[in-house]
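Input: a single structure, listed below in structure tokens.
Model, not experiment: these values are computed from the prediction. Here is the naming used below: chain letters follow the sequence lines, and residue numbers restart at 1 for every chain.
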Number of protein chains: 2
Amino acid sequence: MAMMPPRPLRTASEEIPSLVLRAALALMTEEGPEGLTVRALARRAGVAPMSIYNHFGGKDGVLDAIMVDGFALLATWADVTVDDARTTLVAGSMAYRDFALAHRSHYTVMFLHQFVGYVPAAETMYVAAKGFEILTGQVRRCTDVGVFPGRSYVDVAQQLWAAVHGYVALEILGINFASDRDRVFRDFVEAVITGLDAPLDDAT
Amino acid sequence: MAMMPPRPLRTASEEIPSLVLRAALALMTEEGPEGLTVRALARRAGVAPMSIYNHFGGKDGVLDAIMVDGFALLATWADVTVDDARTTLVAGSMAYRDFALAHRSHYTVMFLHQFVGYVPAAETMYVAAKGFEILTGQVRRCTDVGVFPGRSYVDVAQQLWAAVHGYVALEILGINFASDRDRVFRDFVEAVITGLDAPLDDAT
DNA sequence: GGCCATAGTAGAACGTCGTTCTATAATTGA
DNA sequence: TCAATTATAGAACGACGTTCTACTATGGCC
């Protein structure tokens, strides 16, 4: 059989970003955050290491791209809008966890792993802040109709996010002793929302 | 003035472990997890890099030591025992956060940062598991007196831990938009426990 | 169809990392 | 005092992110 060239000698410029991004996510999925090295990334994408610097400005640029991509994916959970504001919040939380578990590499870069020396670009921070605004909006819809009486919607958003993130973080880290992860999570979200909807206890 | 030798030419063996441990925590506090390198650690402790291998078996051994030390510190929050089982749980959660904020380096190693290539030693995992047993014990005391009706104490422990860890994690990562972090945390813990104490909603 | 600017590639190189190994010298106990 | 420990200094290895250089494949234009 004829020896076909292992690969076109040069990768087209417009294909490089998507190839690198796909390779980065595949590498992280298979080997974890530590598997994401520039050399391995280039090898996996079938691209020269230099191309990563030409197109992303280095490893940090790749991480920024994963962040932005992840927030774009996550933003779609805002579409979960039901009539009832509170039900929307439950559905949103469920979708948040679904996203985190389905896109662990994204979630790891976004909220779990601190890559050494990586500081997100300003644009990345902006996208992240917009993501939080979506959540606060969902909560605000609730407070507008009288849910979470006596509480600030920003505080409630922070509290709900903390709860969901905490559950997901421990789950991804492999620290989950619950009997049925899905059910326990749903019960958890319901309980947190119920508790936040209860009147504030002012006792010290 | 007389030139006193900058340091004894050799560090006594028995002093090395504590010197290294202290230096490790100081380095992490000042420069973050990425500042914790073997060479910097040895320099800071006034010790030869080789000593870290002789006494800890490498960087992983230092991380293990921090883990074990951290769980020992954390275990003291179990001493927070009040008559009322539910109040104990609230106090324990507050103490958990106090520990995390007061010993950020410990907490970072234990639950936040994934150090590349680091896998905790078996003994470290054992100590960690014992820590979780303390928490489950606290929750079990509640279920024994009728709090959290219809729920498994293991599940409730997982849920409460997720909530507290999530809040602390976002706080340490600098992602906290709440108005008053202390008060919002206390309200959060109260709300989570209240919600988990409410009857289970079996509707799908 | 041929030419040239663009841009991907290969590879060496620098300083850093964790780690191992060597030889030396300080300390300690018998 | 002598010998066994053991901390130290330093070179070395492979891998990391990053930069630079020389080379060459590609695509647009005349």
Quickly work out the B:Leu41 CG to D:dA7 P distance and round it to whole Å. 15 Å
Name the nucleic acid region contacted by A:Leu36, choosing base, sugar-phosphate or nothing; use a 4.0 angstrom heavy-atom cut-off, strictly under. sugar-phosphate
Nearest-angstrom distance from the residue atom CD1 of B:Ile16 to P of C:dT28: 12 Å
How many whole angstroms separate atom CD of A:Glu15 from atom P of D:dG27? 10 Å
For B:Ile52, report the nucleic acid contact type (base, sugar-phosphate, nothing); a contact means any heavy atom under 4.0 Å. nothing
Minimum-distance nucleotide to B:Met50 side chain [options: C:dC21, C:dC17, C:dA10]: C:dC21
Once you round it to whole Å, what is the distance between P of C:dT28 and CZ of B:Arg10? 8 Å
Reckon A:Thr37 has a side-chain N or O less than 4.0 Å from the OP1 or OP2 of D:dC16? yes
Whole-Å distance, B:Lys59 NZ to C:dG18 P, equals 5 Å
B:Ser13 vs D:dA7: side-chain N/O to OP1/OP2 distance below 4.0 Å: yes
Are the charged groups of A:Arg183 and A:Asp187 less than 4.0 angstrom apart, N to O? yes
Starting from P on D:dG17, measure out to CZ on A:Phe56 and report it in whole angstrom. 15 Å
Compute the ring centroids of A:Tyr107 and A:His103, then answer whether they are less than 6.0 Å apart. no
Distance check needed: C:dT6 P versus A:His55 NE2, whole Å only. 15 Å
What's the CD-P distance between A:Glu34 and D:dG17, to the nearest Å? 12 Å
Pair A:Phe111 + A:Trp161: ring centers closer than 6.0 Å: yes
Flag the pair B:Arg44 and B:Glu30 as a salt bridge only when some basic side-chain nitrogen lies within less than 4.0 angstrom of an acidic carboxylate oxygen. yes
Nearest to side-chain heavy atoms of B:Thr11, which nucleotide of D:dC16, C:dG18, D:dA7: D:dA7
Does B:Arg97 make a cation-pi contact with B:Phe185 (under 6.0 Å, within 45 degrees of the axis)? yes
Tell me which of A:Glu14 and B:Tyr53 sits closer to the 5' end of DNA chain C, going by the nucleotide each one is nearest to. A:Glu14
